[in-house]
Amino acid sequence: MINGVDVSSYNTSYSAEGLDFVFVKATEGRSYVNPNQSAQAAKARRAGCVVGFYHFLWPGNIAAQAAYFVEKCASVEGDLLAVDWETTGSGTAASSAEKDQFLKEVKRLRPTHRVLLYCNRDFWLNRDSTSYAADGLWIADYVTASRPRIKAPWLFHQHADKPLDTNVGAFPDQAALRKWATGTAAPPNHPSLPPAATYTVRSGDTLSGIAARYGTTVAKLAAANHISNPDRIYAGQTLKIVK
């Protein structure tokens, strides 16, 4: 496991020393840009960290929010991009479909970047309806590090919020994370994802989500399992995993 933090505009004095990665809040909705994001990211880069940026998602105007995020965040090639899907300050929340739309639009706009879903355990278990997390799931659950209470594979686990939001990553070392972030390596084998050659589809699974978990593609899975319509898989179906 590797270690990192995520910071917002008010965490100007955070230290990146000794960390492997840092996520920085970039934008929210269609009107907020973190004024400190460039300085916070620069601090992480000076410490040798892998850098990520995230957008706090509001319901509605999803394509416009995605465009706003990629235009306003201070990312460079090799940085991670993430959406923060949770309850807004006004008590609203984007739907699961809107979450999916945002992730797919960011991937379309920034195809060379890894794109992640951040959400808490309640949203993942009770609001998500597709299991779609783009290139990987970043789960928040304040329990023992690397032991979130979900069955789905994850890449990052936010396990504490004091003194900063504190995370671990399911990578053997920072070099492995950097290779994955730059698109030169597949996701790591995760302890919650057994290295099996087959996978049994669960309710809510999508072929794209399964492909992302195993570091493969929809086309490869469809071809290996004789699936003519990638949008039609069913719970209990056994899939052969190919990479």
Side-chain angles (χ1 to χ4, degrees), residues 4-12 14 16 19 21-90 92-120 123 128 130 132-138 140 155-156 158 164-165 167 169 177-184 208-209 212:
V5 298
D6 57 279
V7 296
S8 299
S9 61
Y10 55 87
N11 300 124
T12 53
Y14 87 97
L19 298 178
F21 61 91
V22 174
F23 284 97
V24 179
K25 181 176 182 178
T27 52
E28 180 171 340
R30 294 182 295 151
S31 60
Y32 173 79
V33 177
N34 174 7
N36 300 315
Q37 63 168 317
S38 293
Q40 290 171 316
K43 180 184 290 189
R45 297 190 204 283
R46 287 195 298 270
C49 299
V50 174
V51 173
F53 291 90
Y54 69 90
H55 173 83
F56 191 102
L57 188 64
W58 280 66
N61 302 294
I62 300 303
Q65 287 192 68
Y68 188 76
F69 172 45
V70 300
E71 291 169 5
K72 300 297 184 180
C73 78
S75 65
V76 298
E77 287 298 319
D79 287 348
L80 303 169
L81 302 176
V83 60
D84 181 349
W85 182 39
E86 58 181 296
T87 304
T88 69
S90 64
T92 61
S95 68
S96 181
E98 287 177 318
K99 171 266 293 182
D100 288 0
Q101 181 187 353
F102 183 89
L103 289 168
K104 292 174 182 177
E105 182 65 8
V106 172
K107 284 183 68 64
R108 186 186 72 83
L109 294 170
R110 292 294 184 270
T112 61
H113 289 261
R114 299 289 192 181
V115 181
L116 301 161
L117 168 66
Y118 167 93
C119 67
N120 60 39
F123 268 60
D128 177 83
T130 64
Y132 182 67
D135 295 314
L137 176 62
W138 174 13
L155 290 181
F156 297 94
Q158 184 187 90
L164 291 174
D165 288 343
N167 305 265
L177 170 60
R178 196 175 299 279
K179 287 181 180 180
W180 178 76
T182 55
T184 58
S208 60

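These numbers come from a predicted model, not from an experiment. Heavy-atom basis, side chains included; hydrogens, waters and symmetry copies ignored.
Side chain to side chain, Glu77 and Thr112 meet the donor-acceptor criterion of an N or O pair below 3.5 Å. Checked by atom type, the side-chain pair Tyr14/Ser8 shows no donor-acceptor distance below 3.5 Å. Looking only at atom types and distance, the side chain of Trp58 has no donor-acceptor partner in the side chain of Gln65 under 3.5 Å away. A donor-acceptor pair shorter than 3.5 Å cannot be found between the side chains of Trp138 and Asp84. Under the 3.5 Å distance criterion, with hydrogens and angles disregarded, a donor-acceptor pair is assigned to the side chains of Asp100 and Thr130. In summary, the side chains of Asn11 and Gln40 do not present any donor paired with an acceptor at a separation below 3.5 Å, with no hydrogens or angles considered.
Within the model, atoms OH of Tyr54 and CG of Leu117 stand 14.0 Å from one another, a figure rounded to the nearest 0.5 Å. Considering OG of Ser95 and CD1 of Ile62, their distance stands at 7.0 Å, rounded to 0.5 Å. Put simply, CG on Leu155 and CZ on Arg114 are 9.0 Å apart, with the number rounded to the nearest 0.5 Å. Here the CG-CG distance, from Asp6 to Asp165, works out to 4.0 Å after rounding to the nearest 0.5 Å. In this structure, NZ in Lys43 is found 7.0 Å from OG1 in Thr12, a value given to the nearest 0.5 Å.
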(message) Run Val76 and His113 through side chain to side chain contact (heavy atoms under 4.5 Å, CB included) and show every step you take.
(response) CA-CA 9 Å; Val76 298; His113 289 261; over 6 Å; no

(request) Would you sort out whether Cys73 and Asp79 count as a side chain to side chain contact (heavy atoms under 4.5 Å, CB included), showing the intermediate values? (result) CA-CA 11 Å; Cys73 78; Asp79 287 348; over 6 Å; no

(request) Step by step, work out the side chain to side chain contact (heavy atoms under 4.5 Å, CB included) result for Phe23 and Phe156. (result) CA-CA 11 Å; Phe23 284 97; Phe156 297 94; 4.1 Å; yes

(request) Report the C-alpha distance between Gln158 and Tyr118 in whole Å, list the side-chain angles of each, state the deciding distance to 0.1 Å, and finish with yes or no for side-chain hydrogen bond (donor to acceptor under 3.5 Å, both in side chains). (result) CA-CA 9 Å; Gln158 184 187 90; Tyr118 167 93; 2.9 Å; yes

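Across all non-hydrogen atoms, the minimal contact from Ala134 to Val115 is CB-O, 3.3 Å. Residue Lys99 comes nearest to Asp128 through the heavy atom pair NZ-OD1, 2.6 Å, listed as atom of the first residue, atom of the second, then distance. In terms of heavy atoms, Cys49 sits closest to Val22 at SG-CG2, 4.1 Å. The shortest non-hydrogen separation linking Trp180 to Leu80 is CZ3-CD2, 3.6 Å. Closest approach of Thr27 and Val33 over heavy atoms only: CG2-CG2, 4.1 Å. Shown here for Ala66 and Val106, the closest heavy-atom pair between the two residues is CB-CG2, 3.9 Å.
A donor-acceptor distance shorter than 3.5 angstrom exists from the side chain of Gln37 to the backbone of Ala74, with no hydrogens or angles considered. Distance alone, capped at 3.5 Å, places no donor-acceptor pair between the Arg30 side chain and the Asn61 backbone. In this structure, the side chain of Ser9 does not engage the main chain of Asn36 through any donor-acceptor pair within 3.5 Å.
Side-chain contact check for Thr92 versus Thr87: every heavy-atom pair is 4.5 Å or farther apart. When side chains are defined from C-beta on, Ser96 counts as touching Trp85, because their heavy atoms get closer than 4.5 Å. Side-chain contact between Glu98 and Pro59 is present, with heavy atoms from C-beta onward closer than 4.5 Å.
More than 12 heavy atoms of other residues, nucleotides or ligands lie within 6.0 Å of NZ in Lys107, so this atom counts as buried by the packing criterion.
Using the six-membered ring where Trp is involved, His55 and Phe69 have ring planes that are tilted, between 30° and 60° apart.
Both tests hold for Lys104 against Tyr132: distance to the six-membered ring centre under 6.0 Å, angle to the ring axis within 45°. No cation-pi contact links Lys25 to Phe53, judged by a cut-off of 6.0 Å to the six-membered ring centre and 45° from its axis.
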